[in-house]
Structure formats: C-alpha cells, structure tokens
Amino acid sequence: MSDRELRVSKIRNGTVIDHVSGGQALNVLSILGIDGSAGLGVSVVMNVPSDRLGLKDVVKVEDRELSQSEVDVISLIAPEATINIIREFDVVEKNRVDRPETVIGLLSCPNRNCITNANEPVETKFDVVDEGVRCAYCGTIIREELATHIDPE
Ligand code: CTP
Ligand code: ZN
C-alpha cells in the first residue's frame, strides 16, 4: 500500500481485526470492552473501500490479544473478519473467524428472570441459531443489536 493510501500506522505488537463489515467497528470495540479508559493504543478506520466487502472497517488494538469468546461474538457481527496477531511489526498469525455453535460468557441474557441473572454462579451460554443467539437456559432469543447485550464483566 502506498503512503498516499495508508490511513493509520502499522502497529508493533497487538491485534489487527481487518475486513470488519463496514460500520461495525464501534461494536467490535464494545465486544472487546474498550472504551479508551484503560489507556490502550487503539486505531479505528471506518468505511474504507474493500474489494471483497465493498466497505470495511479495521480495528487495531496494541498490546492486547483476544479471547475465544470475543472472537466468537465478533464473528456474528463481522463474519468476514480476519484476526491478525502482530509481533515486532510482523503478522505472525492470521485467522478467519468462524461462526461458533455456542457463545459462553460475554453476552448477558435480556430476560430478568433467567437463572443467569439470579446471582448464581452460572455463566451465560447462547446457542447460535438462524434468527440470532438463543439463551441455553431460558430460550430467549437476541435477534439484533448483539453488541448492546455485552456483559461488561
Ligand atoms: N498491520 C498493522 N501493523 C503491522 C502489520 C500489519 O497494522 N505491523 C495491518 C495491516 O495494515 C493490515 C492487516 O494488519 O490491515 C494485515 O496485514 P497484512 O497481512 O500485511 O495485509 P494484507 O496482506 O493486505 O492482509 P489480507 O490478505 O488479510 O487482506
Ligand atoms: Zn436466559
């Protein structure tokens, strides 16, 4: 990529989430629990042209790797995303995301009467279904706005 096209710097260490569906970058940040307060270096590029996606977003997070649950939820809002692990400026690992069968933790159930909201030591568990994700305990389906159901731990 030429200097004229480069929008944000390469990072030294961390994770680049590339090929995020256009407009989803802020939801990716909320999945990662990043609101800027922890002082992590974060770069966000939104709605840049992409051959494959039309428009894409890119999120670069320095000095941070992602958990499997985070990658699982990202896959639901950005199915074409690639997760690049960067060490000393090199891409040392590049993975496409996979739509998971279940998502453990991270999401909270919107049903107030669900066992997962009863202060019991039960981790949330959602099955991924065509309509969205379905709570394995009470059957409530989250159909849209997945990112607004992120449990901030
Ligand atoms: N990147 C970065 N810092 C680095 C290395 C790479 O921010 N030190 C970013 C690049 O800008 C790109 C992504 O990580 O957005 C993947 O890098 P690379 O594999 O070099 O780019 P491409 O070959 O274009 O990736 P792909 O084939 O997945 O489109
Ligand atoms: Zn539930």
Side-chain angles (χ1 to χ4, degrees), residues 1-26 28-29 32 34 40-66 69-98 100-129 131-153:
M1 195 183 252
S2 75
D3 285 352
R4 282 183 60 168
E5 290 169 298
L6 192 64
R7 299 228 183 187
V8 292
S9 318
K10 303 238 157 190
I11 61 173
R12 179 179 211 125
N13 290 298
T15 305
V16 175
I17 307 148
D18 198 355
H19 308 291
V20 173
S21 325
Q24 291 294 336
L26 298 179
V28 169
L29 290 179
L32 300 180
I34 292 173
L40 282 180
V42 177
S43 314
V44 176
V45 174
M46 294 181 76
N47 296 316
V48 292
S50 154
D51 290 342
R52 271 200 287 147
L53 299 180
L55 294 176
K56 72 167 182 178
D57 291 358
V58 184
V59 175
K60 304 188 182 192
V61 187
E62 291 175 56
D63 303 314
R64 163 93 138 77
E65 296 194 0
L66 313 189
S69 318
E70 289 170 334
V71 172
D72 284 346
V73 179
I74 289 171
S75 78
L76 300 177
I77 63 163
E80 304 297 324
T82 45
I83 312 287
N84 299 275
I85 311 288
I86 315 293
R87 298 218 175 98
E88 286 303 318
F89 293 105
D90 288 334
V91 178
V92 296
E93 210 182 306
K94 182 188 292 282
N95 293 304
R96 294 287 298 270
V97 299
D98 272 328
E101 282 176 20
T102 59
V103 178
I104 312 261
L106 211 59
L107 294 173
S108 63
C109 183
N111 172 9
R112 289 178 51 214
N113 297 320
C114 182
I115 179 85
T116 60
N117 290 320
N119 286 321
E120 299 288 337
V122 183
E123 232 182 341
T124 62
K125 179 175 173 190
F126 288 86
D127 297 316
V128 178
V129 294
E131 311 93 286
V133 298
R134 184 178 58 216
C135 178
Y137 294 95
C138 73
T140 300
I141 296 183
I142 304 176
R143 291 167 200 276
E144 49 201 18
E145 305 281 354
L146 213 56
T148 65
H149 297 282
I150 301 296
D151 194 352
E153 310 280 286

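Both ligands and their constituent atoms are indexed starting at 1 by order of listing. These figures come from a predicted structure and were not determined experimentally.
- N117 places a side-chain N or O within 3.5 Å of a backbone atom of C109 that can act as its donor or acceptor partner.
- Between the T140 side chain and the C135 main chain, no donor and acceptor come within less than 3.5 Å of each other.
- A donor-acceptor pair is defined here as one N or O able to donate and one able to accept, closer than 3.5 Å; such a pair exists between the side chain of D57 and the backbone of Q24.
- To the nearest 0.5 Å, atom CD1 of residue I141 and atom CG of residue N111 are 12.5 Å apart.
- The shortest N or O to N or O distance between K10 and ligand 1 is not below 3.5 Å.
- Taking a 4.0 Å cut-off on heavy atoms, R12 fails to register as neighbouring ligand 1.
- Taking 2.8 Å as the limit, the number of protein N, O or S atoms around the Zn ion (ligand 2) is 4.
- For ligand 1, the atoms sitting less than 4.0 Å from at least one non-hydrogen atom of N84 are 13 (C), 16 (C), numbered in the order shown with element in parentheses.
- With V16, V59, V48 as candidates, the residue nearest to atom 9 (C) of ligand 1 on a non-hydrogen basis is V16.
- The N/O atoms of F89, backbone and side chain alike, include one that comes under 3.5 Å of an N/O atom in ligand 1.
- An N or O contact shorter than 3.5 Å is missing between R52 and ligand 1 by distance.
- Considering only heavy atoms from C-beta on, I86 stays 4.5 Å or farther from K10 through its side chain.
- The distance from atom CG of D18 to atom NZ of K56, rounded to the nearest 0.5 Å, is 3.5 Å.
- In the candidate list K94, E62, K60, K94 is nearest to atom 19 (O) of ligand 1, counting heavy atoms.
- With T124 contributing its side chain and S108 its backbone, the two residues share no donor-acceptor pair below 3.5 Å.
- Looking at E62, E65, E93 one by one, the single match for salt bridge (Lys or Arg N to Asp or Glu O under 4.0 Å) with R87 turns out to be E65.
- Those atoms of ligand 1 with a heavy atom of D18 less than 4.0 angstrom away are 12 (C), 13 (C), 15 (O).
- With sequence neighbours excluded, the residues satisfying side chain to side chain contact (heavy atoms under 4.5 Å, CB included) with I115 are E120, V122, Y137.
- Atoms of ligand 1 lying under 4.0 Å from any heavy atom of H19, numbered from 1 in the order shown and given with element: 26 (P), 28 (O), 29 (O).
- Using modelled atom types, one side-chain atom of K60 and one backbone atom of S9 make a donor-acceptor pair closer than 3.5 Å.
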